[in-house]
There are 2 protein chains.
Amino acid sequence: MTQEVGDLNFSVGYALKQAAAALRTAMDAGLRPLGLSVPQYACLELLGQRPGLSAADLARGAFVTRQSMHAVLLGLEERGLLERPAVAPQGRALPTQLTPAGRDILSRASRIVAAVERRMTQSLTTEGHQRLRADLAACVAALGQDPGDH
Amino acid sequence: MTQEVGDLNFSVGYALKQAAAALRTAMDAGLRPLGLSVPQYACLELLGQRPGLSAADLARGAFVTRQSMHAVLLGLEERGLLERPAVAPQGRALPTQLTPAGRDILSRASRIVAAVERRMTQSLTTEGHQRLRADLAACVAALGQDPGDH
DNA sequence: TGCGTCATGTCAGCATCCTGACATACGCTC
DNA sequence: GAGCGTATGTCAGGATGCTGACATGACGCA
């Protein structure tokens, strides 16, 4: 019950950062052949599951700022992987949709990422898998809902 | 047993990123009054636990490149929080040490970060705490040892 | 001794991301 | 209808981190 952090090998926060860094590196390596960065993949994956999301929604879901997501969207739009209406149908939000090409590359990327996740959790049992996810969710909730933006 | 990632709410990788982002935000907010960024704190914490580490060692421990750590060290050295010999006593590595001022600010920073960690894991039991850390370590090991650099 | 490999510190260039700011559009209250 | 707060898209500037590269020192091996 010390007041300071103590040995890093016993720190949950350090282990968390370590795991996130390793996952990021593995995803980066896996997605490179497709010419996708992790934020770009995250954007596609979110759009695949919830079509019509606005740029601000995507930014919150991918844990980046609206400005960063804006740049990501411009790049993906130029590659013809997604499309947005020129004018907002309501309010200012521009609902974004995947194109067939976007769905195609997402399908391949998602398989790659799923393989990375399976590799990451291969030594965990099915219950351990869900337990880990639940524990992480509890940590997120305890730190307060994710601000995500500014 | 799908091949793709599936609903993000059931993805361990997504939960991991979410938790890491929330922890980063909370640490950032807590350390701001001390004028420390997370990488700067990580550097101090590593040096406090293992004095004499080289810049390359610190970079691996903090999950950044040598170049980034180099910039961090320059800033902390200018603030008088750590000191390095002008010439390498052996090889090229410059063993870094905290100054008394560095140890002082580290002590305060470490208390803040420890409080954040306790808040993050407050809903977990003691066994749950260690279980989560073990699970994360297993994930890191399964993804292969952390490359860390280049 | 000489050579190849590796690790380290450091510099330059570039990509990425964030902070700050502004204009617009909706919802709410008065 | 007028005013206020909030959310969004977008632009400019700056901080931060990374890739690439080079020189130096240590070690192993022929």
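The structure presented is a predicted model; accordingly, all values stated were derived computationally and were not measured. Numbered from 1 within each chain, the chains take letters A, B, ... in sequence-line order.
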Indicate whether OP1 or OP2 belonging to C:dT16 is found under 4.0 Å from a side-chain N or O atom of A:S68.
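Checking A:S68 against C:dT16: no side-chain N or O falls below 4.0 Å of OP1 or OP2.
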
At under 4.0 Å, does any side-chain N or O of A:T65 touch on OP1 or OP2 of C:dC18?
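Checking A:T65 against C:dC18: at least one side-chain N or O falls below 4.0 Å of OP1 or OP2.
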
Going by distance alone, is a donor N or O of one side chain under 3.5 Å from an acceptor N or O of the other, for B:D104 and B:S107?
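No donor-acceptor contact under 3.5 Å links the two side chains.
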
Quick check: do B:L106 and B:E45 have side-chain heavy atoms less than 4.5 Å from each other?
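B:L106 vs B:E45: side chains touch.
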
Just the rounded figure in Å: distance from [atom2] of [N] to [atom1] of [X].
{"X": "B:L73", "N": "C:dC11", "atom1": "CG", "atom2": "P", "result": "13 Å"}
{"X": "B:M69", "N": "C:dC11", "atom1": "CE", "atom2": "P", "result": "17 Å"}
{"X": "B:Q40", "N": "D:dA15", "atom1": "CD", "atom2": "P", "result": "14 Å"}
{"X": "A:K17", "N": "D:dG17", "atom1": "NZ", "atom2": "C1'", "result": "12 Å"}

Counterpart residues, salt bridge (Lys or Arg N to Asp or Glu O under 4.0 Å), relative to A:R79 (two or more places apart):
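If we apply the salt bridge (Lys or Arg N to Asp or Glu O under 4.0 Å) test to A:R79, skipping adjacent residues, there are no hits.
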
For the atom pair CD (B:E117) and OG (B:S110), what is the distance rounded to the nearest 0.5 Å?
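Rounded to the nearest 0.5 Å, the CD-OG separation comes out at 9.0 Å.
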
Might you work through the salt bridge (Lys or Arg N to Asp or Glu O under 4.0 Å) test for B:D135 and A:R131, ending with a clear yes or no?
CA-CA 9 Å; B:D135 286 348; A:R131 189 186 59 195; 3.1 Å; yes

Strictly by salt bridge (Lys or Arg N to Asp or Glu O under 4.0 Å), give each pair with a member in residues 81-90 of chain A just once, sequence neighbours left out.
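Qualifying pairs: A:E77-A:R84.
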
For nucleotides 5-12 of chain D, give me one character per nucleotide, 5' to 3': B if any protein heavy atom sits under 4.0 Å from the base, S if the only such contacts are to the sugar-phosphate, - if neither.
---BBBB-

